[in-house]
Amino acid sequence: MDPIVLAAGTALVTAMATDAWQSAREGAVALWRKVRPEQAEVVEAELEEVREQVLQARRDDDADTEQALAGMWQVRLQQLLRADPSLAPQIQRVLDEVLTPALAPAERERIGSLVMKAKASGHGRVYQAGRDQTIHER
């Protein structure tokens with residue numbers, strides 16, 4: 001999946017729980033209007049429904065649901081990008097100018113993408129982490 005899409009999907013869902021929700025929604029809907037204008041109204045309604053789910057997940061301290069919702073929007077954004085690869089700069093613009101500024105500093109750190117690849121053979125071990133990692137070996 002494109003790193004822009006990963007970051008934008010996560011930022012979109014995270015922004016749903018902020019005061020900047022209206023501008024985040026408008027930025028997302030604008031992407032659909034460009035590629036699939038016939039779906040824009042449906043997407044706008046779906047975003048409103050997902051926002052309620054995100055707010056409930058926050059109240060319930062349910063990070064798994066919020067992460068699943070972000071994954072769902074990542075897939076949808078990826079489909080848009082596949083339909084029109086020239087949309088990448090516009091997705092990046094919405095991410096940089098609308099979504100990311102709506103987030104608290106701690107949430108902004110979660111938005112970046114990280115790609116790690118490793119290969120071990122024989123009895124080799126690979127340890128990778130995007131953040132903290134503790135390894136206890138015996």
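Take Trp32 and apply the ring pair (Phe, Tyr, Trp, His ring centres under 6.0 Å) test, not counting sequence neighbours, and it matches Trp73.
The backbone N or O of Val98 sits nowhere less than 3.5 Å from a side-chain atom of Ser23 that would complete a donor-acceptor pair. When atom types are taken as modelled, the side chain of Gln78 and the backbone of Asp2 share a donor-acceptor pair closer than 3.5 angstrom. A donor-acceptor contact shorter than 3.5 Å is absent between the side chain of Thr14 and the backbone of Ala11.
A distance of 9.5 Å separates CE in Met16 from CD in Glu66, rounded to the nearest 0.5 Å. Here CD of Glu41 is found 7.5 Å from CZ of Arg33. Values are rounded to the nearest 0.5 Å. Residue Glu52 holds its CD atom at 9.0 Å from CD of Gln56, rounded to the nearest 0.5 Å. Note that CG of Leu31 is 12.5 Å distant from CD of Glu26, once rounded to the nearest 0.5 Å. Taking CZ of Arg25 as the start and CZ of Arg51 as the end, the distance is 9.0 Å to the nearest 0.5 Å. Between the CD atom in Gln53 and the CG atom in Asp62 there is a gap of 11.0 Å [rounded to 0.5 Å].
Between Ala17 and Val54, the shortest heavy-atom distance links the atoms CB-CG1, 4.2 Å. Residues Ala120 and Arg125 come closest through the heavy atom pair CB-N, 4.3 Å. Taking every heavy atom of both residues into account, Leu99 and Ala15 meet most closely at CD2-CB, 4.3 Å. Taking all atoms of both residues into account, the shortest heavy-atom contact from Ile91 to Ala8 is CG2-CB, 3.8 Å. The two residues Ala20 and Ala102 come nearest to each other via the heavy atoms CB-CB, 3.3 Å.
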Item to complete: Please report the C-alpha distance between Leu12 and Val50 in whole Å, then the side-chain angles of each, then the deciding distance to 0.1 Å, and finally whether the side-chain contact (heavy atoms from CB on, under 4.5 Å) criterion is met.
Response: CA-CA 10 Å; Leu12 174 61; Val50 171; over 6 Å; no

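Using a 4.5 Å heavy-atom threshold, the side chains of Trp21 and Leu55 count as separate.
Looking only at atom types and distance, the side chain of Thr10 has a donor-acceptor partner in the side chain of Gln74 under 3.5 Å away.
The environment of CG in Asp61 is sparse: at most 12 heavy-atom neighbours from other residues, nucleotides or ligands sit within 6.0 Å.
Counting only residues at least two apart or in different chains, salt bridge (Lys or Arg N to Asp or Glu O under 4.0 Å) contacts with residues 67-84 comprise Glu46-Arg76.
Linking Ile, Leu, Val, Met, Phe, Trp and Tyr whenever their side-chain heavy atoms come within less than 4.5 Å leaves Val35 and Val42 in two separate clusters.
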